[in-house]
2 protein chains.
Amino acid sequence: MSNDLDTVFAALADPTRRTILAMLLEDDMAVTDVAEPFEMSLAAISKHLVILTRAGLISQEKRGRVKWCKLEPDALRAASVWMQGFGQFEPVNLDAFERFLEVELPTDES
Amino acid sequence: MSNDLDTVFAALADPTRRTILAMLLEDDMAVTDVAEPFEMSLAAISKHLVILTRAGLISQEKRGRVKWCKLEPDALRAASVWMQGFGQFEPVNLDAFERFLEVELPTDES
DNA sequence: GGTTTGGTCAACCATTTGGTTGAATATGCG
DNA sequence: CGCATATTCAACCAAATGGTTGACCAAACC
């Protein structure tokens with residue numbers, strides 16, 4: 001569960017990958033087209049896309065010999081909700097949020 | 001470009017550090033007390049705190065021989081703003097949040 | 001003053017990350 | 001068929017990450 005957030009945040013921690021997400025915001029794209037504006041190899045971009053896919057941030061569907069990349073905002077939604085617990089905490093929500101975080105806080109008293 | 005987001009997201013990508021943030025949500029804590037529930041060395045926790053500090057997510061102030069850690073939600077807000085650049089699921093996010101509150105927070109006025 | 005307490009530093013280690021190149025695998029085209 | 005295109009795979013590399021231990025410094029206490 002919090003492993004989910006691990007991979008999502010780790011995926012977001014790279015500027016190349018964030019740029020890719022922003023590109024996919026406009027429209028679905030083929031892998032080659034995603035790679036075009038970057039000054040790195042196609043293989044490197046392919047790896048980035050794997051990381052984004054494993055984080056659930058995008059999906060890839062192969063049609064013919066072209067693999068299309070599509071933004072999948074669900075994973076981002078989870079991370080966004082997590083952050084709002086800290087960013088704008090209202091006192092009412094605190095308790096519920098802490099339970100929602102599923103922080104496996106090794107509480108000694110339990 | 002946004003090296004800021006790099007460090008913030010990278011800091012959030014580790015479950016130990018997210019747990020620390022959740023602990024600091026309750027109250028400011030000394031380094032030793034932060035480390036207590038974890039099964040790793042104090043030095044390891046100290047490193048995590050440095051990473052959180054450099055990301056701007058917490059601040060540390062030394063009073064006497066005790067160093068106090070304090071949550072600094074501003075950096076998280078920046079990351080949250082970045083996510084809202086993907087504005088299309090911003091409302092969905094809020095929806096999910098409200099649904100979560102309804103489900104997770106039965107004690108509010110019952 | 002000597003010793004405990006709080007915390008960091010330094011050196012080290014294993015694993016992961018982000019990149020490269022070159023070969024391999026499909027798929028489409030003439 | 002034969003060739004070009006789209007993408008991944010495999011091996012490799014340098015640097016970063018997350019952890020350890022032991023020495024170290026600074027503040028507090030008897």
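Proteins get letters first, then strands, A, B, ... in listed order; numbering begins at 1 in each.
Listed by chain and residue number, B/F9, B/A10 satisfy the side chain to side chain contact (heavy atoms under 4.5 Å, CB included) test with A/A13 (two or more places apart in sequence, or in another chain). Scored by the side chain to side chain contact (heavy atoms under 4.5 Å, CB included) test, A/K70 finds A/D28, A/S59, A/E72 as partners (sequence neighbours excluded). With sequence neighbours left out, the salt bridge (Lys or Arg N to Asp or Glu O under 4.0 Å) criterion links B/D27 to no other residue. With sequence neighbours excluded, the residues that form a side chain to side chain contact (heavy atoms under 4.5 Å, CB included) with A/Q60 are A/V31, A/L49, A/T53, A/I58, A/K67, A/C69. Remark: B/V50 engages B/R54 in a side chain to side chain contact (heavy atoms under 4.5 Å, CB included) (not counting sequence neighbours). For the salt bridge (Lys or Arg N to Asp or Glu O under 4.0 Å) test, no residue two or more places apart in sequence or in another chain qualifies with B/E39. Shown here are the side-chain hydrogen bond (donor to acceptor under 3.5 Å, both in side chains) partners of A/D74, two or more places apart in sequence or in another chain: A/R77.
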Between protein and nucleic acid, restricted to nucleotides 1-4 of chain C and to nitrogen or oxygen atoms under 3.5 Å apart, what atom pairs and distances do you find?
none

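Residue B/W68 is found in a hydrophobic cluster whose other members, listed by chain and number, are B/V66; membership requires side-chain heavy atoms under 4.5 Å apart, directly or through intermediates.
Contacts between residues 43-51 of chain B and DNA chain D, defined by a heavy-atom separation under 4.0 Å, are made by B/A43, B/A44, B/K47, B/H48, B/I51.
Here C/dT17 presents its P atom at 11 Å from CG of A/D14, a figure rounded to the nearest Å. Protein atom CG of A/L42 is 17 Å distant from nucleotide atom P of C/dA23, rounded to whole Å. For A/E39 and C/dG18, the CD to P distance is 19 Å, given to the nearest whole Å. Atom CH2 in B/W68 sits roughly 17 Å away from atom P in C/dT5 (whole-Å rounding). To the nearest angstrom, P of C/dG18 lies 12 Å from CG of A/L12.
Residues A/R17 and A/G64 both approach DNA chain C. Their nearest nucleotides, taken by heavy-atom distance, put A/R17 toward the 5′ side. Of the two residues contacting DNA chain D, namely B/T16 and A/T32, the nearest-nucleotide position lying further toward the 5' end is that of A/T32.
Within the model, atoms CE of A/M83 and CG of B/L21 stand 12.0 Å from one another, a figure rounded to the nearest 0.5 Å. Between the NE2 atom of A/H48 and the CD1 atom of A/I20 there is a distance of 6.0 Å, given to the nearest 0.5 Å.
In terms of phosphate contacts, A/R63 brings no side-chain nitrogen or oxygen within less than 4.0 Å of OP1 or OP2 of C/dT27.
Side-chain atoms of B/T19 come within 3.5 Å of backbone atoms of B/P15 as a donor-acceptor pair (strictly under, hydrogens ignored). The main-chain N or O of A/L12 is found under 3.5 Å from a side-chain atom of A/R18 such that the two form a donor-acceptor pair.
Taken over five-pair windows at either terminus, the axes of the helix from C/dG1-D/dC30 to C/dG30-D/dC1 are inclined to one another by 10° (rounded to 10 degrees).
The minimum heavy-atom distance linking B/A75 with B/G56 is given by the pair CB-O, 3.6 Å.
Nucleotides of DNA chain D that come within less than 4.0 Å of any heavy atom of chain A span, from the 5' end to the 3' end, D/dA4 to D/dA11.
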